[in-house]
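Everything below concerns the one structure shown next.
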Amino acid sequence: MNDYLDQLNDVQRQAVTNVDGPVMVIAGPGSGKTRVLTFRIAHLINSGVEPRQVLSLTFTNKAAREMKDRISRVVGKGGNYVWAGTFHSLFSRILRIEAEKIGYPATFSIYDTDDSKALIKDIISRMGLDKSKYPPGLVLNRISNAKSNLITWKAYGGNAELVSRDQSEGRPDMYKIYQKYVIRCQKSGAMDFDDLLLNTFRLFYENKDNVVAKYRERFKYVLVDEFQDTNFLQYAIVKQLTRYKGSSQNICIVGDDAQSIYAFRGATISNILDFKKDYPSLKVFKLEQNYRSTPHIVAAANSVISNNRSQIKKEIWTEYSSGNKIALVKALSDAEEARRVAGLIVEQKNRHHYANKDIAILYRTNAQSRAFEEQLRRHDIPYRIYGGMSFYQRKEVKDLMAYLRLSINPADDEAIRRIINYPRRGIGKTTLDKIMTIATSEELSAWEAMDREIFNSRTTNLLKKFKGLIASFVEKAQTMNAYDLALHIYKKSGMDADLSKDNSIEGLSRRENITSLLDGIKEFIDSDELLTNDPDMDERSISEYLQSVALITDFDSEDGDDDHVLLMSAHASKGLEFKSVFVVGLEENLFPSFMAKDSPSSMDEERRLFYVAITRAMEHLTLSYSNSRYQYGSMRFNDPSRFLDEIEPDHFQNPELVVKEPVTGSDRSKVSGVFPKRKPASKPGTTRPAPADFKVSDPARVAAGMRVRHLRFGEGEVLAVEGGAENRIATIQFEEVDNPKKKIMLKYARLQILD
DNA sequence: GGCCAGTTTCTTTTT
DNA sequence: GAAACTGGCC
């Protein structure tokens, strides 16, 4: 029965078998963290704990599913009854069971970020505030932060620190927006992502009908994965469940402070650092042996992360004695970077017999995927973009979903906003404006506000018709399943008619998207996967479906036998591993992001993100950067990333490429320790204003010997031109001290020929 | 009220 | 470069 224990090393085994009382597992990358978690759960079950008494909070749905699978493999079908999922998905399930206790309908809507932003925008404009002073994204961020720290709008308004910050920024009305936002969400029977947590906290805190006791009793063992990514609120809920008088404190948290990459979302490392204070009888286990990566990769990761200021002390080590050095790719343009990466992928596949799915390309921003997609297609390499959630972002998909949302919760204002006039039914901006004004000022839902007799007779009629339509869907929702209802709505709402009119390629693809959405719903209602295992709940209900879709984060439809090269953001790569990993775009202002350059703590987070990215690699790690990049509509020039300097040259196959070209005259190398100030004119990412007489000449005419002028580098002489047609590269001797000799790709460079 | 075209703005990561 | 916004016109 205990043979699974033989598959563990000493520390791992202790982390698995010490099941009583608080346990913290600090797990470096590749140290068998998932294995420890799953075996721990399996061990609990084997020791007589009922699966349904185990609550396992993971970061992604995918991790949860994987965990369930693995548990089932060890303990059999019972593993399915473990409550494993993300904070958001499990708590939203609890909230649906208990919704009435906190004044919400069980069919509450979940607002995604777009919904929240639209609502905030609406509130701001209705309050007559200057929207340049209150960018919706920033406002949402502030509200989200407040909620994550359990600060109500009232507390916000009374918090001297927050108020004075807002005041000094010229945003004195922030807490009023917060207040209106909260009220309108409430009236709409809607929760945003943070509310799913906040309301769970409230539910437990208010403890009506002993509800918290019920869940404490039920979840005897709580496990939290990726604990370094939890925020104050999430930790507060975990404490509600495990830290109370008489609790046996059976909590196990697993995490790695070095992999904390969600501070921007309110995650706080102090949770992990303070854990010992909250649970004094804590046992700590450190998993430091890396089973994933070869030595150069492990050493590079250690040396990069050692540049961060505070951290829990640990050193990752590996038993592997040999492995490949890190390859470095230096390109002149983003297109060339992608082309060379694609070329290397072809080569690696041949030489090492890698399947496509053994390889991943990781980047800092999703926008970088384009160049790689293009080149992979050109090289006939199947690929897949992971994350991005593009399918559920499509207009037609969101539209149909909005109707579904309304059919179980007609108060959902943001769903109304979406489809009140789609397809066209003559209810335009003016009318919607009126409705929302009433909704805001009288604290009603839009649905209720429509009943006010303030519209002209034509509009009143149109609104009546619209309400009748939605009411008919509400009625159908009582009896139909999610699939039949979606199909019914598609036909009767007029969406079908509208989309069928359009016979362009785009129109066709929209209809295809609807078809796949419907297929997805069908799959959902036919699936027999256990979700809640709660006898009171209809596991295949419309609201269950909507909830599951609202909280989809990773590509859940990942088919195991698909063989694709994976493209994803470094963030999305956390928890995954690949034989060969390409981390691309390693340039200052990109990775690390320009957003981080003024704040040491954000820079540390960028470094942790880089650490996460490179530790995904098992056998091959390739890092690439480009001298120039087409970004936000214009050409940018950036220095190679500082992170490249933080890796000992020994670990590179071709360390000479790390040496910076004197592009900006700066040298940040660790050896010299010199950090010269940049001259404003040569700041990366900026262009000098064009002299009035500057004219771009036809690049094809550029030849050796000519005098040319470059917007950023000044005047110089062309020494040589090499390369053919598409990729001609000129070597130019510029006169400015900061920019001596440079190689420039002619198809991108904007040069003026002077003579 | 609806539509198109021109203009402006803002560029990260995601539950 | 894309999305969001604006203004002008039917």
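In what follows, every chain begins at residue 1, and chains take the letters A, B, ... in the order their sequences are listed.
Between the CE atom of A/M635 and the P atom of C/dG1 there is a distance of 11 Å, given to the nearest Å. Between the C1' atom of B/dT15 and the OH atom of A/Y392 lies a distance of 16 Å, rounded to the nearest Å. In this structure, A/N461 places its CG atom 17 Å from C1' of B/dG1, rounding to the nearest Å. The distance from atom CG of A/L197 to atom P of B/dT14 is 18 Å, rounded to the nearest whole Å. When rounded to the nearest whole Å, the span between CG of A/L95 and C1' of B/dT15 equals 15 Å. Atoms CD (A/Q234) and C1' (B/dT14) sit 12 Å apart, rounded to a whole Å. Between the CG atom of A/N231 and the P atom of B/dT14 there is a distance of 17 Å, given to the nearest Å. Atoms CZ (A/R629) and C1' (C/dG1) sit 15 Å apart, rounded to a whole Å.
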Can you give me the N/O atom pairs linking the protein to nucleotides 2-9 of chain B at distances under 3.5 Å, or say none if there are none?
unit_1: B/dG2; atom_1: OP1; unit_2: A/N421; atom_2: ND2; d: 3.4
unit_1: B/dG2; atom_1: OP2; unit_2: A/N421; atom_2: ND2; d: 3.1
unit_1: B/dC3; atom_1: OP1; unit_2: A/R424; atom_2: NH1; d: 2.6
unit_1: B/dC3; atom_1: OP2; unit_2: A/R424; atom_2: NE; d: 3.1
unit_1: B/dC3; atom_1: OP2; unit_2: A/R424; atom_2: NH1; d: 2.2
unit_1: B/dC3; atom_1: OP2; unit_2: A/R424; atom_2: NH2; d: 2.7

Please list, pair by pair, any protein nitrogen or oxygen found under 3.5 Å from a nitrogen or oxygen in nucleotides 11-13 of chain B.
unit_1: B/dT12; atom_1: O2; unit_2: A/R364; atom_2: NH1; d: 3.2
unit_1: B/dT12; atom_1: O2; unit_2: A/R364; atom_2: NH2; d: 2.3
unit_1: B/dT13; atom_1: OP1; unit_2: A/N366; atom_2: N; d: 2.8
unit_1: B/dT13; atom_1: OP1; unit_2: A/N366; atom_2: ND2; d: 3.0
unit_1: B/dT13; atom_1: O4'; unit_2: A/R364; atom_2: NH1; d: 3.1
unit_1: B/dT13; atom_1: O2; unit_2: A/R364; atom_2: NH2; d: 3.2
unit_1: B/dT13; atom_1: O2; unit_2: A/H571; atom_2: NE2; d: 3.2

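Base contact: A/T113 has a heavy atom under 4.0 Å from a base atom.
For the pair A/K239 and A/Y235, the cation-pi test (distance below 6.0 Å, angle within 45°) is passed. Taking the ring axis of A/Y422 as reference, the NZ or CZ atom of A/K395 stays within 45° of it and closer than 6.0 Å to the ring centre. Annotation: cation-pi geometry satisfied between A/R265 and A/Y262 (NZ/CZ under 6.0 angstrom from ring centroid, within 45° of ring axis).
Looking at A/D122 and A/R417, a side-chain N of the basic residue comes within less than 4.0 Å of a carboxylate O on the acidic one, giving a salt bridge. Between A/E587 and A/R636 there is no salt bridge, since no side-chain N of the basic residue sits under 4.0 Å from a carboxylate O of the acidic one. Between A/R608 and A/D257 no salt bridge is recorded (no basic side-chain N to carboxylate O distance below 4.0 Å). Look at A/D115 and A/R405 and you find a salt bridge, because one of the NZ, NE, NH1 or NH2 atoms lies within 4.0 Å of a carboxylate O, short of that distance. We find that A/R339 and A/E374 are not joined by a salt bridge, their nearest charged nitrogen and carboxylate oxygen being 4.0 Å or further apart.
Spacing between C/dC5 and B/dT12 at atom P, rounded to whole Å, works out to 16 Å. Comparing B/dT13 with C/dA4, their P atoms are spaced 15 Å from each other, to the whole Å.
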ask   = If the sugar-phosphate is the primed atoms plus P, OP1 and OP2 and the base is the rest, what is the B/S/- string for nucleotides 2-8 of chain C, using protein heavy atoms under 4.0 Å?
value = S--SS--
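Neither side chain, A/T107 nor A/N409, offers a donor N or O lying under 3.5 Å from an acceptor on the other. There is no side-chain donor-acceptor pair under 3.5 Å between A/N638 and A/E588.
Here the rule is side chain to side chain donor-acceptor pair (under 3.5 Å) with A/K147, and of A/T152, A/D195, A/N199, A/N231 only A/D195 fits it.
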